[in-house]
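Below is one structure, written out as structure tokens; comments come after it.
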Amino acid sequence: MSARNDVPPDTLGVELTEDGVAVEYLDGREVFYRGVPTAVEESVRAGPGKDVHVLVTDETETQGIMLYVNDLNTHDDILETTGVGRVMVDDGDEEPLFQGVVARSDSHRVEIEADLSVVDGRVFVFVEDEMGEQSFEIVENA
């Protein structure tokens with residue numbers, strides 16, 4: 001299997017705390033995105049070469065769906081056992097991630113845009129590389 005296939009996501013457990021966002025994978029492991037996400041309006045644009053993870057919660061904020069955008073490192077089998085999905089967006093194109101949430105790729109930069117009038121829960125974007133991580137929440141009024 002290629003490491004570049006789209007993989008559909010499953011519903012995952014989510015816990016929002018004052019220290020960050022915890023996501024529980026289907027295999028029981030947990031990932032913790034540290035820090036209170038920075039509030040931004042409408043969209044987040046990541047630099048080239050950054051890993052971009054998008055989490056959209058339901059209205060209860062206890063469940064959500066997570067997608068890796070343009071991830072080239074994680075094998076399909078790992079994504080399928082964790083419940084994390086993946087979408088590949090060609091440069092110059094855009095792909096819907098969820099109702100009201102779109103990913104675009106331009107010059108190897110991924111941009112995530114959300115129409116919050118359509119999204120029932122909250123939209124988080126995590127941008128990482130080997131140097132560090134940043135957490136964002138797309139909100140109506142930052």
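This is a predicted model, so every value here is computed, not measured. Counting from 1, the numbers follow the sequence of the chain as shown.
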- request: Would you mind reporting whether F124 and L16 have side-chain heavy atoms less than 4.5 Å apart?
  value: yes
R86 side chain reached by D76 side chain, heavy atoms, under 4.5 Å: yes
Check for a donor-acceptor pair, side chain of [X] on one end and backbone N or O of [Y] on the other, with a separation under 3.5 Å.
{"X": "E30", "Y": "A22", "result": "no"}
{"X": "N5", "Y": "V7", "result": "no"}
{"X": "D93", "Y": "S105", "result": "no"}

Say whether [X] and [Y] are linked into one hydrophobic cluster, either directly or through other cluster members, by side-chain heavy-atom distances under 4.5 angstrom.
{"X": "L67", "Y": "I78", "value": "no"}
{"X": "V101", "Y": "V21", "value": "no"}
{"X": "V127", "Y": "V40", "value": "yes"}

task: Take the angle between the ring planes of H53 and Y33 and call it parallel below 30°, perpendicular above 60°, tilted in between.
output: perpendicular
Straight-line distance of [X] [atom1] to [Y] [atom2], nearest 0.5 Å:
{"X": "I65", "Y": "L55", "atom1": "CD1", "atom2": "CG", "answer": "9.5 Å"}
{"X": "L79", "Y": "D10", "atom1": "CG", "atom2": "CG", "answer": "11.0 Å"}
{"X": "T38", "Y": "Q134", "atom1": "OG1", "atom2": "CD", "answer": "7.5 Å"}
{"X": "E41", "Y": "F136", "atom1": "CD", "atom2": "CZ", "answer": "14.0 Å"}

query: For residues T11 and Q63, is any side-chain donor paired with an opposing acceptor at under 3.5 Å?
result: no
query: For residues T17 and D19, is any side-chain donor paired with an opposing acceptor at under 3.5 Å?
result: no
message: Using a 6.0 Å cut-off, check whether atom CD of E59 has over 12 heavy atoms from anything other than its own residue.
response: yes
task: Decide if atom CD of E42 counts as having more than 12 heavy atoms of other residues, nucleotides or ligands within a radius under 6.0 Å.
output: no
- prompt: Is the shortest side-chain N to carboxylate O distance from E94 to R104 below 4.0 Å?
  reply: yes
- request: Check the pair F98, V54 against side-chain contact (heavy atoms from CB on, under 4.5 Å), reporting the backbone distance first and the verdict last.
  value: CA-CA 10 Å; F98 312 97; V54 180; 4.0 Å; yes
field: Candidates V87, V89, D51 - the one meeting side chain to side chain contact (heavy atoms under 4.5 Å, CB included) with N70
entry: V89
- prompt: Should T74 and V84 be marked as a side-chain contact (heavy atoms from CB on, under 4.5 Å) after you check the CA-CA gap, both sets of side-chain angles, and the distance that decides it?
  reply: CA-CA 10 Å; T74 311; V84 175; over 6 Å; no
statement: Nearest heavy-atom contact between D6 and M88 is OD1-N, 2.8 Å
field: Stepwise salt bridge (Lys or Arg N to Asp or Glu O under 4.0 Å) test for R122 and E61
entry: CA-CA 7 Å; R122 296 168 74 175; E61 300 174 1; 3.3 Å; yes
message: Does V119 form a side-chain contact (heavy atoms from CB on, under 4.5 Å) with V56? I'd like the steps, not just the answer.
response: CA-CA 8 Å; V119 178; V56 178; 3.9 Å; yes
